[in-house]
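Atoms considered below: every heavy atom in the structure, side chains included; atoms not considered: hydrogens, waters and symmetry mates. Chain naming here is simple, since letters A, B, ... match the order of the sequence lines and numbering starts at 1 in each.
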Number of protein chains: 2
Amino acid sequence: MQAQIQSVKRRRLHEDIVQQFHALIREGALKHGDRLPAERELAEQFQVSRSSVREAIRSLERQGLVVSKPGAGTFINTETLDSVVTLLSSTFGTGSDALRDAFEMRHLLEPPIAALAAQRATPEEVAKLREILEEQQRQIDQGDTGVEADTAFHFALAAATHNAALIKVVSAVEDVLQHSRGQSLEEPGRRQRSLASHRQILERVEAGDYRGAQQAMDHHLTVVEPSSPQSGETGGSEPAGWRP
Amino acid sequence: MQAQIQSVKRRRLHEDIVQQFHALIREGALKHGDRLPAERELAEQFQVSRSSVREAIRSLERQGLVVSKPGAGTFINTETLDSVVTLLSSTFGTGSDALRDAFEMRHLLEPPIAALAAQRATPEEVAKLREILEEQQRQIDQGDTGVEADTAFHFALAAATHNAALIKVVSAVEDVLQHSRGQSLEEPGRRQRSLASHRQILERVEAGDYRGAQQAMDHHLTVVEPSSPQSGETGGSEPAGWRP
DNA sequence: CCTGTCCGATGGTCAGACCAATTTTAGACG
DNA sequence: CGTCTAAAATTGGTCTGACCATCGGACAGG
């Protein structure tokens with residue numbers, strides 16, 4: 001008699017086991033250094049096969065929560081950086097917050113990225129940026145939202161910093177936000193404003209004005225592409241378009 | 001006689017498989033969306049049992065690098081933030097640019113993080129930060145460099161932003177830079193300066209002064225923990241083509 | 001008390017099997 | 001010939017039972 005139907009997503013057994021261990025660790029039932037029961041014993045307790053127990057342990061190990069020693073046993077390990085991160089992410093929401101977090105991270109990263117790009121962009125990279133904006137103009141004239149060119153611009157700007165780590169992180173963030181941005185650009189007026197804003201950024205980058213570029217990007221993110229229209233708290237405000 | 005005894009860790013088979021996949025993804029042999037061979041086929045190719053293959057896949061899945069769909073297959077997934085972070089950590093250590101990039105990224109992220117922390121830190125988190133600084137003081141008094149507490153401080157500060165994405169990225173960056181920071185703190189004077197600098201940051205965070213916190217962190221990173229020993233200042237415009 | 005050996009417990013791996021979901025294919029139908 | 005449908009093949013998820021290398025502690029011997 002399950003009054004509440006959980007997500008339709010079928011849980012895999014080992015994932016379920018992992019979450020049970022997360023709970024046990026969070027509640028303090030399992031502390032650092034504790035040794036957990038043998039795999040065969042766990043299998044019996046959870047009423048699953050040893051394979052599932054082992055796959056669960058593999059996940060926990062990759063999260064830094066446990067370490068396995070052949071012949072000795074498997075031990076709780078909550079004194080690593082990894083484990084802290086895992087428990088934090090596990091405690092805080094893992095759903096709608098992600099989008100908000102990504103927006104915030106972009107807002108932190110992009111202005112200084114624009115500044116770095118202004119200092120380091122090669123003529124070829126500037127040309128590439130200009131080309132992208134022309135493409136964006138074409139897409140808009142054609143009635144498209146220009147979201148691809150929009151994303152491409154931010155990515156090319158990150159590339160102009162010549163910082164591989166930054167490029168990777170930005171690409172991940174942009175990818176997560178691309179869908180949301182597409183929605184934002186549905187309003188006709190925004191497309192032109194976004195393009196104009198991009199042009200302003202490029203102009204400062206071209207001039208090598210890193211301060212101006214940073215401010216232009218900040219303005220772009222604050223005014224033209226507002227991060228989170230809805231003030232929703234962690235309530236089940238799933239963005240539209242969620243489909244299994 | 002203390003001949004350099006290198007640990008002869010036995011590599012577990014699934015660990016080996018995981019690393020092989022890391023390499024394949026890094027080299028570009030496996031791109032986003034690619035479907036990798038069936039588990040039974042992989043078992044035959046690697047000459048291991050299906051169990052080991054599955055445990056390896058479980059690790060990769062927990063790292064966000066792949067997703068498994070029953071009946072369909074297992075697919076490469078490198079467009080999530082998680083996957084980027086893992087690949088960053090996995091890639092680091094290869095190439096001197098990576099270290100420089102990481103320093104630069106930290107310098108971009110940490111000041112605004114300090115500002116966010118000043119706005120959002122709970123009393124418990126402030127207490128945790130203070131506790132970390134006391135621990136740093138103890139370590140220094142004891143003749144240690146205090147590098148663990150140093151890293152812990154930056155991490156706890158990121159945690160105070162309540163932004164899971166930021167926390168993960170910062171943890172990856174801090175992890176990479178911890179070793180280098182340890183070297184930097186070898187100079188005796190630096191330890192106390194670093195601690196004093198941390199105290200200043202905490203003071204601004206406690207006061208909720210996000211502007212002051214940001215400036216204090218910027219000062220900390222610029223003056224106390226300089227990224228590049230050489231003159232390299234961000235002001236100068238880098239000549240084109242300084243990097244392949 | 002110390003030392004070396006033995007044995008049970010434990011993690012790591014293997015092989016084969018069945019199930020459920022999905023994809024592909026073959027066949028029926030218009 | 002194209003389209004829809006049902007059967008077959010494929011694939012991930014799970015289970016069972018087994019063997020091995022290693023570790024820990026008990027135990028006997030010095």
When you check the phosphate oxygens OP1 and OP2 of C:dT13, does a side-chain N or O of B:His14 lie under 4.0 Å from one of them? yes

Give the intermediate values and the outcome of side-chain hydrogen bond (donor to acceptor under 3.5 Å, both in side chains) for residues A:Ser83 and A:Asn77. CA-CA 7 Å; A:Ser83 63; A:Asn77 183 334; 5.2 Å; no

Test of understanding: with salt bridge (charged side-chain N to carboxylate O under 4.0 Å, His left out), list the residues that count as partners of A:Asp16, not counting sequence neighbours. A:Arg11

Which residues satisfy the salt bridge (charged side-chain N to carboxylate O under 4.0 Å, His left out) test with B:Arg120, sequence neighbours excluded? A:Glu104

A correct 5'-to-3' footprint of nucleotides 3-9 of chain C, with B, S and - meaning base, sugar-phosphate only and no protein heavy atom under 4.0 Å, is -------

Separation of [X] atom [atom1] from [N] atom [atom2], in whole Å?
X       : N      : atom1 : atom2 : answer
A:Arg11 : C:dA20 : CZ    : C1'   : 19 Å
B:Glu39 : C:dA17 : CD    : P     : 18 Å
B:Leu13 : C:dG12 : CG    : P     : 11 Å

Taking only residues two or more places apart in sequence or in another chain, which ones pass ring pair (Phe, Tyr, Trp, His ring centres under 6.0 Å) with B:His14? none

Walk me through whether B:His162 and B:Glu125 qualify under side-chain hydrogen bond (donor to acceptor under 3.5 Å, both in side chains). CA-CA 11 Å; B:His162 300 189; B:Glu125 287 161 346; 2.7 Å; yes

5' to 3' on DNA chain D, which nucleotides open and close the contacts with chain A (atom under 4.0 Å from a heavy atom)? D:dG13 to D:dC23

Are the aromatic rings of A:His154 and A:His220 close, with centres under 6.0 Å apart? yes

Would you say that more than 12 heavy atoms from the other residues, nucleotides or ligands in this model lie under 6.0 Å from the CD of B:Gln20, or not? yes

A:Glu27 and A:His22: side-chain hydrogen bond (donor to acceptor under 3.5 Å, both in side chains), yes or no, with the steps? CA-CA 9 Å; A:Glu27 295 167 7; A:His22 278 191; over 6 Å; no

Pull out every residue in residues 46-68 of chain B that has a heavy atom closer than 4.0 Å to any atom of DNA chain D, ordered by number, or say none. B:Arg50, B:Arg54, B:Arg58, B:Ser68

Decide side chain to side chain contact (heavy atoms under 4.5 Å, CB included) for B:Val53 and B:Ile57; before the verdict, give the C-alpha distance in whole Å, the side-chain angles of both, and the deciding distance to 0.1 Å. CA-CA 6 Å; B:Val53 171; B:Ile57 290 180; 4.0 Å; yes

Exactly one candidate in B:Glu61, B:Glu15, B:Glu55 meets salt bridge (Lys or Arg N to Asp or Glu O under 4.0 Å) with A:Arg62; the answer is B:Glu15

